[in-house]
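Just so it is clear, the model here is predicted, and its values are computed rather than measured.
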Amino acid sequence: MTIEIAIVFLVIAGALYLFATEKFPLDVTAFLILITLMVIPLIGHSQWLLDRGVNLKDAFPTVSEGLSGLSSTATVTVLAMFILSAGIQRSGLIHVLGKKLFPLVGNSELRMILIIALLVGLISGFINNTAAVAVSIPLVLDMSRRLKMQASRLLIPVSFFGMLGGTLTLIGTSTNILASAILRDRPEFGREIGMFEFTHLGLIVLGVGLIYFMTIGRFLLPKKDRIRLQDDESSDFIIELSVPEGSDLVDKTLEEFGFAERANVQVLRLTRDESSHIKRAQSVNVRVGDIIQVRAQVRQVMDLIKSDQIDVLSDMERPREARSDGQLVRALLRDRQRYAGREAASAGFWKRHQARLIGLEVETLAQRRLSEEKLHVGEIALLQLSNTALAKLRRQSDLILLEEHQDGFDRRRMAWAGGIVAAVVFAAALTPLPIVVTALMGIVAMVLTGCISKDDLYSGVSWDVIFLLAGVIPLGIAMTKSGGAEWLGGLLAAFATGWHPIFVLMALYAVTTLLTEMVSNNASVVILVPVSIALGDSLGIDIFAMVLAVMFAASTSFLSPIGYQTNTMIYGTGLYKFTDFAKVGAPLNAILMIVTSLGLYFLWIV
């Protein structure tokens, strides 16, 4: 191992640590990597090191190469696919398809799983799988309520089939697009992966996933439903109330007044200035300005808003009190960058959506006040807003409305959006035009046909993923230029000498799966694709098969709620335990490791 390779591995070790611990947001970590890789050869290049055989300038990316991630075809393609997916999502096409398919379910959980596989799995091959899952969540929750099914048993299949569907085509997930860009720049391969070049294997993987959930998998899903979906009004929210001047509550205890019984709520806490009462919340004399924290259903919240004895607070905006003429809606928080770990007071519901946060559908609050509570992706918020703001909110991607509403989507827009995405896919497959060009043409077509607005061009993009790609792509360049990928590939080849190619593929699949659980799927691809190419060259195994093993493993990360964004989205919604994902996902990962490796061997190597 050379000094240059050791420094690159040291940077990778630091990156893995920051990705795994999430001390910084993933996109910030990616930019730290990018800056580090560009700075090292600039400040570390010296004649003294050159005399001793250490050439950092040739081993690390130049400034142009370091910034190449921003203009990479992979980054631009993923950006374009986010916008096209937003156009499909805004058009309501997936919503309408779901409404057409779900009546076929009857009362059968097996048929429900089959419909989820068809809807989410197949659509995820052609639009971003995160968007497909985001649109499907409220549909599945609504059908679970209507058919009295256990929603906690259905949301994991929604996420898993979204990931499995991403293996169907080149554009199914950003992982595939990134791996294709890396392969194109390697002389051993020298071209981009075809749109449907591995679809046959993706169909096998999707089919195995379906069989798994129809047999073994459904017995591993949570036995008891942790979500109460009788109807929207039966959901419990933690809200805050303030005692105004002139209220009959003043100078009485809540117990004496019979507040809990009259309002049909559960009193949780009474806060006065810096002091809080939990056990004595109902036995302390109430004063003007006291904050009463209660658990209430939507119907009770509506009654409390109209009450003269109490004010329902929305501490995050001004005015602080909820309006009596506003509409209450339940909304799922889905944007990790906007909401994860952010205090409710700074989430910007009013600034972005003209909506007031009234309450959260959680078991308990970690903080004294709702405004101080840190939000999490997958949580359900109770928002109050006007009808005009509600219409605009339906077009946003950072929240998913969990309400039952009439189908007000434009059928013409659906047809345009579906036709444009189909044209993008087949133009890339049947003409010399690369996917990045057809995708950009598709964006222009969607704007001209009114499928997406100017705001949609920006709000539909998961910018954390874009900046993550821009930051980690130079890491792959450093792996190649320093010789680190070739060195590590040779080391692994020496260890795997004499192994059957199937076992090599299985080992590579397993390593990728575990690494993806610690870092992002895109980061694991950047690190392991160059290694898989070097390993394939050393062992004489088809490098395309080796890269596909990394791609498929990185795209099917089932073991934890943090391994993939779709898992994170359903984690809070389904009120899952952390171990629920490993319980259901570990057997499926093991099965797919074997099936994928066998498929790669017989389809590409033999």
Side-chain angles (χ1 to χ4, degrees), residues 21-25 28 235-244 249 254 259-260 263 265-282 284 286-298 300-301 304-305 310-323 326 328-385 398-399 561-562 568-569 571-573 575:
T21 58
E22 294 188 358
K23 288 185 176 295
F24 305 109
V28 174
S235 301
D236 287 333
F237 290 88
I238 294 180
I239 66 171
E240 289 184 336
L241 313 172
S242 176
V243 181
L249 281 167
L254 295 177
F259 177 76
V265 299
Q266 178 189 357
V267 177
L268 303 176
R269 182 197 301 261
L270 186 146
T271 300
R272 178 179 300 154
D273 298 326
E274 297 301 319
S275 62
S276 284
H277 304 281
I278 299 177
K279 293 183 178 180
R280 298 179 59 238
Q282 298 203 64
V284 176
V286 175
R287 297 179 186 173
V288 173
D290 282 353
I291 306 299
I292 305 170
Q293 205 172 86
V294 303
R295 185 186 304 280
Q297 296 178 356
V298 176
Q300 282 71 57
V301 176
L304 288 168
I305 289 174
I310 208 81
D311 290 332
V312 177
L313 289 184
S314 175
D315 248 349
M316 279 53 79
E317 306 293 344
R318 294 291 186 268
R320 296 173 67 241
E321 295 78 23
R323 294 168 55 95
L328 295 177
V329 297
R330 299 164 66 241
L332 173 73
L333 309 182
R334 67 152 290 201
D335 191 319
R336 183 188 306 174
Q337 186 177 19
R338 187 172 300 279
Y339 299 118
R342 180 169 295 186
E343 289 186 356
S346 60
F349 290 103
W350 180 260
K351 182 179 180 181
R352 182 169 174 78
H353 304 297
Q354 289 74 57
R356 293 181 175 86
L357 176 63
I358 302 298
L360 291 175
E361 189 175 335
V362 292
E363 289 296 318
T364 58
L365 293 183
Q367 306 298 323
R368 286 195 324 137
R369 296 296 308 278
L370 182 63
S371 60
E372 301 168 352
E373 186 72 8
K374 289 188 176 181
L375 302 176
H376 301 89
V377 171
E379 285 181 341
I380 296 174
L382 183 64
L383 304 177
Q384 186 189 53
L385 65 175
D398 58 323
L399 294 171
I562 60 175
T568 306
M569 289 169 61
Y571 181 41
T573 310
L575 300 180

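Annotation: side chain of Trp350 is in contact with side chain of Arg356 (closest heavy-atom distance under 4.5 Å). Looking at heavy atoms from C-beta onward, Arg368 lies in side-chain contact with Glu274 at the 4.5 angstrom threshold. Looking at Leu385 and Gln354, their side chains never come closer than 4.5 Å, going by heavy atoms from C-beta outward. Taking 4.5 Å as the limit, every side-chain heavy atom of Leu365 sits out of range of all side-chain heavy atoms of Arg269. The closest side-chain heavy-atom distance from Phe259 to Val286 is not below 4.5 Å. Residues Leu241 and Leu313 fail the side-chain proximity criterion, which asks for heavy atoms closer than 4.5 Å. Leu360 places a side-chain heavy atom less than 4.5 Å from the side chain of Leu375. Counting heavy atoms from C-beta on, the side chains of Val265 and Ile239 never come closer than 4.5 Å.
Between atom CD of residue Gln293 and atom CD1 of residue Ile238 there is a gap of 6.0 Å, rounded to the nearest 0.5 Å. One finds the CD1 atom of Ile291 at 4.5 Å from the CZ atom of Arg369 (value rounded to the nearest 0.5 Å). Between Asp236 atom CG and Gln297 atom CD the span is 5.0 Å, to the nearest 0.5 Å. Of the inter-residue distances, the one linking Ile292 atom CD1 with Arg272 atom CZ reads 10.0 Å to the nearest 0.5 angstrom. Going from atom CD1 of Ile278 over to atom OG1 of Thr271 covers 8.5 Å, rounded to the nearest 0.5 Å. A distance of 7.0 Å separates OG in Ser242 from CD1 in Ile310, rounded to the nearest 0.5 Å.
Nearest heavy-atom pair, Val312 versus Val301, reported as atom, atom and distance to 0.1 Å: CG2-O, 4.4 Å. For Ile358 against Leu383, the heavy-atom pair with the smallest separation is CG1-C, 4.4 Å. Considering all non-hydrogen atoms of both residues, Leu357 and Ala344 come closest at CD2-CB, 3.7 Å. Closest of all the heavy-atom pairs between Glu361 and Arg330 is OE1-NH2, 3.5 Å. Minimum heavy-atom separation, Ala381 to Phe237: C-CE2, 3.9 Å. The two residues Glu240 and Leu370 make their nearest non-hydrogen contact at OE2-N, 2.8 Å.
Atom CZ of Arg287 sits in a sparse spot, with 12 or fewer heavy atoms from other residues, nucleotides or ligands closer than 6.0 Å.
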TODO: Given side chain to side chain contact (heavy atoms under 4.5 Å, CB included), test Ile305 with Gln384 step by step and report yes or no.
DONE: CA-CA 11 Å; Ile305 289 174; Gln384 186 189 53; 3.7 Å; yes
